[in-house]
Amino acid sequence: MDNNNLPASPKDFIREIIDQHMVSKQFDGKVHTRFPPEPNGYLHIGHAKSIALNSGIAAEYGGKFNLRFDDTNPSKEEVEYVESIIEDVRWLGADWEDRLFYASDYFDQLYDYAIQLIQKGKAYVDDLSAEEMREYRGTLTQSGKESPYRNRSIEENLDLFKRMRAGEFPDGAKVLRAKIDMASPNLNLRDPVIYRIKHEDHHRTGDKWCIYPMYDYTHCLSDSIEGITHSICTLEFEDHRPLYDWVLDELEVFHPQQIEFARLNLNYTVLSKRKLLQLVNEKHVSGWDDPRMPTISGFRRRGYTTEAIRNFCERIGVAKNDSVVDMALLEYCIREDLNKRAQRAMTVLRPLKLVLDNYPENQVEYMECINNPEDPAMGTRKVPFSKVLYIEKDDFRETPPKGYFRLFPGNEVRLRYAYVVKCVSCVKDDDTGEVVEVHCTYDPATQGGTTPDGRKIKSTIHWVSADHAFDAEVRLYDRLFIKANPSDSKDGKDFKHYLNPNSLEVLKDCKLEPFMKDAASGERFQFERQGYFCVDTVDSQPGKPVFNQTVSLRDTWAKIEQAQKKSKK
RNA sequence: UGGGGCGUGGUGCAAUGGUAGCACAGCGGACUUUGAAUCCGUUUAUCUUGGUUCGAAUCCGAGCGCCCCAGCCA
């Protein structure tokens, strides 16, 4: 925790509050946080922010961190989600040790507390229907009306609540409500429902219960039971804090401090479980782990690393401002990480045949290539080179635009780690006019790509030997939405209206270096001059890898060219 | 128009009465066997308006704007 003489890096407001608690001994100098997901969907990058915050704080203050499922609503929750969440939280590196809990673990205690509330005259059974209750609640500007059932006797409430539990009433017939204040300007305090009847099986408790506690009642007590000191949640629960405090105070139990921060928003995507579920259900994506999804499993399958995501969470900071973080920052974080650790490889995504007219037929040379210039310890490899090669279509232009210094008739480029070659001609398809083959001569004096005469070669391009390459499928991804804020419905359009029709591009006949044939599932590479890619963990077969693009390399030339096109318009 | 929050460059986060700073993005340059990476430089900000003060992003008043709340969801 001590960081020597380094200037104290600015702390966010939550850590400042905790610092104060440490000084005041508010919680005996203890820090205990938790991450409380509802298992009704997969975790996304916004949850990663919360996980990083909560687990990070626990680690920094020498405290503990719990994982607790907020599973109080059996109609929405599923085991599949529980399993995915456990996997994702673990992958993110948060350690709950032996403290994996479920709010449903506390159903018995919660029931007993409810009895106590009734006995104190602080809760009552109400027979109002949902619609009636809405009417009685009043509006934002008008106070509510008290229910005619509000003043039942404690005995009657006790009896009724026990019979609710016993299953004597159908769904919706009765609820248990906290007796607070129907005139409160805070609607959460207008006698909130704390128990409802649901004759439904729960994924953990089976058919033991037909009444289930509500979030506001459950969450504070679960925190209290677990000895959570700092209950960190998002801004929309700020209005609920008075209720959180009310329940704990009435029951006179351990009282954690709820603190709210602004949830993460990312541009060009959506971060709401409801919307993500819709994308999955309506098959706009292949599943929760589709590499285009902003879910943890999506990013993982896309090739993102834990380190990059945690680093991102650190960089975005924590505050109470509603904010939208630029996707470019996330991309920067993953590039930064992968640049240091990814093995380099030469892969041709859109192949164009290149023939070296003066190179001996049937000759093969093995060129020594550096595996990672950022990490010499990763060594070198030998890559076969021959007369007929593939290069990237985009690396040749019959008529080069301004500023283009790759291959074009008469120009010289370096074939990376191989030779300097000069373009002499190209062959075009008679029908389409498309260039299908490029002819060059190589300079034998430039073996390895060196220029003994000292001449400068402006461009170096990658290649792969036609006879030695193997074909593989590579998937390129673009942002899922074409609009920075797809959820903005001011123009009346649904968020799906802004789905990017080109967010996925499947390339089938990519030419890869021979050694990659045996790449392991999930293995990450930098395809030189193109981007970072990983072996898809779902669709790859042994000896037949399929690659997912994690993120492209920055592309200055593409930017220049785009600017040129724009200025012409 | 009730209540709760929030307003700092394009974006995010700092500055806690004393030189408005950091990161990303952008732009320019150096270097380069990846038009990558790296390095250097650089444009751009305190919602408005009064006040307190030697001095205000910070404190006070008034206004404006944005977000959240009327589930038996979380």
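Letters A, B, ... mirror the listed sequences (proteins, then strands); counts begin at 1. We use all heavy atoms of the structure for the numbers below, so side chains are in, but hydrogens, waters and symmetry mates are not.
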Could you work out the separation of B:rG63 and B:rC24 based on their P atoms and round it to a whole Å? 42 Å
For A:F69 and A:Y81, I'd like to know if the aromatic rings sit close, meaning centre-to-centre distance below 6.0 Å. no
Sugar-phosphate only, base, or nothing, as touched by A:T139 at under 4.0 Å among non-hydrogen atoms: base
Given the P atoms of B:rG17 and B:rA23, what is the spacing between them in whole Å? 25 Å
Among all residues two or more places apart in sequence or in another chain, which pass the side chain to side chain contact (heavy atoms under 4.5 Å, CB included) test with A:D555? A:W557, A:A558
Residues forming a salt bridge (charged side-chain N to carboxylate O under 4.0 Å, His left out) with A:R344, sequence neighbours excluded: none
Applying ring pair (Phe, Tyr, Trp, His ring centres under 6.0 Å), name anything that partners A:Y532, two or more places apart in sequence or on another chain. none
Set of residues satisfying salt bridge (charged side-chain N to carboxylate O under 4.0 Å, His left out) with respect to A:K483, sequence neighbours excluded: A:D488, A:D491
For A:E146, what residues pass the salt bridge (charged side-chain N to carboxylate O under 4.0 Å, His left out) criterion, not counting sequence neighbours? A:R150
When all nucleic acid strands are considered with a 4.0 Å heavy-atom cut-off, which category describes A:Q526: base, sugar-phosphate, or nothing? base
Tell me what A:E260 touches on the nucleic acid: a base, only sugar-phosphate, or nothing, going by heavy atoms under 4.0 Å. nothing
Could you tell me whether A:K458 contacts a base, only the sugar-phosphate backbone, or nothing, with contacts defined as non-hydrogen atoms closer than 4.0 Å? nothing
Classify the nucleic acid contact of A:L128 as base, sugar-phosphate or nothing, counting any heavy atom under 4.0 Å across all strands shown. base
Establish, with yes or no, whether the OP1 or OP2 oxygen of B:rG3 is under 4.0 angstrom from a side-chain nitrogen or oxygen of A:S184. no
Pairs: protein N or O with nucleotides 20-24 of chain B N or O, under 3.5 Å:
| residue | atom | partner | partner atom | Å |
| --- | --- | --- | --- | --- |
| B:rA23 | O2' | A:R315 | NH1 | 3.1 |
| B:rC24 | OP1 | A:Y332 | OH | 3.0 |

If I pick the C1' atom on B:rA56 and the same atom on B:rU48, what distance separates them, to the nearest angstrom? 16 Å
Nearest-Å distance once atom P is located in both B:rG41 and B:rG35: 25 Å
Base orientation of B:rG5, chi within 90° of 0 counted as syn, else anti, reads anti
Remember a base hit wins even if backbone is also touched, and classify A:T556 as base, sugar-phosphate or nothing at under 4.0 Å, heavy atoms. sugar-phosphate
Quantified in whole Å, what is the C1' atom distance between nucleotide B:rU49 and nucleotide B:rG12? 28 Å
Would you mind classifying the nucleic acid contact of A:Y532 as base, sugar-phosphate or nothing, using non-hydrogen atoms under 4.0 angstrom? nothing
Hey, is the side chain of A:R196 poking within less than 4.0 Å of OP1 or OP2 on B:rA74, counting only N and O atoms? yes
Which value, in whole Å, describes the distance between the C1' atoms of nucleotides B:rU32 and B:rC39? 12 Å
Taking the side chain of A:H240 as heavy atoms from C-beta outward, which of B:rA70, B:rA74, B:rG35 is closest to it? B:rA74
Aromatic ring proximity, centroids under 6.0 angstrom, A:F533 and A:F547: no
Pairwise P distance, B:rA70 and B:rC13 [rounded to whole Å]: 26 Å
Between A:F261 and A:F13, is the ring centre distance below 6.0 Å? no
Rounded distance (Å) that lies between atom C1' of B:rU11 and atom CG of A:N485: 14 Å
What are the residues of residues 68-76 of chain A, sorted by number, that bring a heavy atom to within less than 4.0 Å of RNA chain B? A:D70, A:T72, A:N73, A:K76
How many Å lie between CE on A:M133 and P on B:rC73, as a whole number? 11 Å
What is the nucleic acid contact for A:F405, judged by heavy atoms within less than 4.0 Å: base, sugar-phosphate only, or nothing? base
Can you check the distance between B:rA25 and B:rU38, where both ends of the measurement are the P atom (answer in whole Å)? 9 Å
Categorize A:G403 for me: base, sugar-phosphate, or nothing, with a 4.0 angstrom heavy-atom threshold over every strand shown. base
I'd like to know whether CD of A:E314 has more than 12 heavy-atom contacts from other residues, nucleotides or ligands below 6.0 angstrom. no
Of all the choices, B:rA15, B:rC68, B:rA36, which nucleotide is nearest to the side chain of A:R554 once you look at every atom? B:rA36
Verify the ring-centre separation between A:F107 and A:H202: is it less than 6.0 angstrom? yes
Quick one: A:N311 CG to B:rG12 P, roughly how many Å, whole number? 19 Å
Those residues at least two apart in sequence (or on a different chain) that pass ring pair (Phe, Tyr, Trp, His ring centres under 6.0 Å) with A:Y417 are none
Nearest whole Å is fine: how far is B:rG35 P from A:L407 CG? 14 Å
With sequence neighbours excluded, what pairs up with A:Q549 under the side-chain hydrogen bond (donor to acceptor under 3.5 Å, both in side chains) test? none
Students often get this wrong, so: under 4.0 angstrom with heavy atoms, is A:A319 touching a base, only sugar-phosphate, or nothing? sugar-phosphate
When we call it a touch if two heavy atoms are under 4.0 Å apart, what does A:M214 touch: a base, just sugar-phosphate, or nothing? sugar-phosphate
Between C1' on B:rG5 and CG on A:D239, what's the gap in Å once rounded to a whole number? 8 Å
side-chain hydrogen bond (donor to acceptor under 3.5 Å, both in side chains) partners for A:S224, two or more places apart: none
For A:R137, which contact category applies under a 4.0 Å heavy-atom criterion: base, sugar-phosphate, or nothing? sugar-phosphate
Nearest whole angstrom, please: distance from the C1' of B:rU34 to the CD of A:E392. 13 Å
Within this structure, what is the CE-to-C1' distance between A:M164 and B:rC72, rounded to whole angstrom? 9 Å
Touch check for A:L553, heavy atoms < 4.0 angstrom, all strands: base, sugar-phosphate only, or nothing? base
Only Watson-Crick and G-U wobble pairs, only distances under 3.5 Å, only runs of 3 or more: what stems does that leave for RNA chain B? B:2-7 with B:64-69, B:10-13 with B:21-24, B:26-30 with B:38-42, B:47-51 with B:59-63
Between B:rA37, B:rG35, B:rC69, which nucleotide gets closest to the side-chain atoms of A:L140? B:rC69
If I take atom CG in residue A:L235 and atom P in nucleotide B:rG7, what distance separates them, rounded to the nearest angstrom? 10 Å
List the residues meeting side chain to side chain contact (heavy atoms under 4.5 Å, CB included) with A:K382, not counting sequence neighbours, and say none if there are none. A:Y366, A:E368
A:H219 vs A:Q447, nearer the 5' end of RNA chain B by closest nucleotide: A:Q447
Closest to the side chain of A:N321, out of B:rU34, B:rA25, B:rC6, is B:rC6
If you check every side-chain atom of A:N339, which of B:rA37, B:rU34, B:rC13 has the closest atom? B:rA37
